[in-house]
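The block underneath contains the structure these notes are about, expressed in structure tokens.
Atoms within a ligand are numbered from 1 in the order they appear, just like the ligands themselves. Computed from a prediction, not measured in an experiment: that's the story for all the values here.
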Amino acid sequence: MTTTAGPSSHDVADLSLAEEGDRLIAWAAREMPVLGLIRERFERERPLAGLRLGACLHVTSETANLAITLRAGGADVRLCASNPLSTQDPVAAALAARHGVPTFAVRGEDSARYFDHINAVLDHRPQLTMDDGADLVAELHKSRTELLPDVLAGTEETTTGVIRLRAMAADGALRFPIVAVNEALTKHMFDNRYGTGQSTLDGLIRATNVLLAGKNLVVCGYGWCGRGLASRAAGHGAHVVVTEVDPVRALEAAMDGYRVMTLAEAAPTADFIVTVTGDINVIDRRHFELVKDGCIVANSGHFNDEINLAALDDGRHPTPAFRGVLPAARRPHRQRARPGAPGQPGGGRGAPRGGHGHVLRQPGPLRRVRGPPPRGAGAPRLRRARGDRPGHRRPQAAQHGDRHRRAHRRAAPLSRVLGIGHVLKPRVTFP
Ligand SMILES: NC(=O)c1ccc[n+]([C@@H]2O[C@H](COP(=O)([O-])OP(=O)(O)OC[C@H]3O[C@@H](n4cnc5c(N)ncnc54)[C@H](O)[C@@H]3O)[C@@H](O)[C@H]2O)c1
């Protein structure tokens, strides 16, 4: 670890890795030609000259190219990690030592250091923010409110971050406008679907070295990420089952050729279960009690609370198989696992993970679409959910999940988002 104070401060694992980091950055640049064009233009036009920019992003070779481009545009950039497990230490070292980007990121950092790093970025009094998961913005609104008047605007990359911010905007709590990058077609249709589809499988294969062909692989959530994952897993020869709470998306999955059922139905025969929903406790205690020995569970959603890790670790499951939860990769080298409890990254020290104050339960009707049984035929049919009984008090964690879902519904349409802060749909124009 290296830590220095002052304007060129940084906290990275090992500055001697900088040369390796530069090789990774150059390799990624080959796949980012548009960013290269923007960088050339930025060098000429310097549109960000003099602006302080605080970024909380995955500290990877791709982000490094972005940070270098922003600097070329004149921005005074500081960077910290948006996920303790995705940081590439050589890249962090290269940014700090060779590219003039004060970087605060150490792979595997604990929760306290993670938030210290966010605060090190905020100490720079950013006028622009860039976030992936909304932890920076949440910390700004919760613990560093004195900095808010300086902030002009921000960006948010991922689905879950946009949901959190929309909830803040709907509550009138968001204090500056944020561009929801995830809503750009060129983001969610491509990064989420093809990028996450590939990287999740890449993570599973690297971590387990298990053949996918002929295996039962359950994808929880048939959104942009889930459909990419499902199609790539099928391409590897896996028998793909989809679970989905949105009936239309469930029907879509069924018509795309996947078996659709509840997780309770799919779990007993699953070889892999992968969550990618943005929801909480998607794989819960009752599912751990159903899975067979050797079942591999992984999360590719933004926070790792999609898997109830507390239930997994409570000692009630003696089978070693239960100990093998995989933090699935976001992209190659981008492992993700996000503790969601308060005080943990993603839990945000009580950060508004979906707005403030309200607890609302997911309405029950038509919660799941059920497909034909594994070896049978027949049309998918709708059925009523068993959960969400009126008057049934759910654990705090589940209530957080409800806020996510509530936020999802409340946030649209954007024209109705009120308050000082707005979540804006990016508009891309081509020359
Ligand atoms: N790993 C990565 O590289 C990567 C990339 C982009 C986004 N993400 C994250 O992945 C998650 C999903 O993103 P997305 O863009 O696919 O979102 P999305 O909103 O398009 O899809 C999520 C789907 O999950 C479904 N769902 C919600 N709760 C469920 C449950 N309990 N069981 C089954 N299905 C459920 C929803 O109905 C929805 O169809 C988010 O947390 C997002 O931030 C990860």
Quick one: which ligand 1 atoms are inside 4.0 Å of a heavy atom on [X]?
X    : result
T158 : 6 (C), 7 (C), 8 (N), 9 (C), 42 (C), 43 (O)
T243 : 33 (C), 34 (N)
T160 : 40 (C), 41 (O), 42 (C), 43 (O)
D246 : 37 (O)

For [atom], tell me which residue out of [options] has the closest non-hydrogen atom.
atom                    : options          : answer
atom 31 (N) of ligand 1 : D279, V276, T275 : D279
atom 27 (C) of ligand 1 : N281, V245, V219 : V245
atom 44 (C) of ligand 1 : S300, P247, G223 : S300
atom 37 (O) of ligand 1 : E244, R249, H58  : E244

Any N or O of [X] that comes nearer than 3.5 Å to an N or O of ligand 1?
X    : value
K187 : no
H302 : yes
C225 : yes
N182 : no

So, for L290 and A264, which heavy atoms are closest and what is the spacing to 0.1 Å?
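Closest pair (atom of L290, atom of A264, distance): CD1-O, 3.6 Å.
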
Contact summary for L147 and V151, nearest pair of heavy atoms
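Heavy atoms of L147 and V151 come nearest at O-CG2, 3.6 Å.
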
Pairing donors with acceptors under 3.5 angstrom, does anything connect the side chains of [X] and [Y]?
X    : Y    : answer
N83  : D132 : no
R285 : N308 : no
S86  : H58  : yes

Please determine whether a side-chain nitrogen of the Lys or Arg among K142 and D135 lies less than 4.0 Å from a carboxylate oxygen of the Asp or Glu.
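Salt bridge between K142 and D135, a charged N being under 4.0 Å from a carboxylate O: no.
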
First locate atom CG of N281, then atom CG of L309, and finally report the distance between them rounded to the nearest 0.5 Å.
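Here the rounded value is 9.0 Å.
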
Please work out which of the three classes, parallel, tilted or perpendicular, describes the rings of H117 and F104, given edges at 30° and 60°.
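F104 vs H117 ring planes: tilted.
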
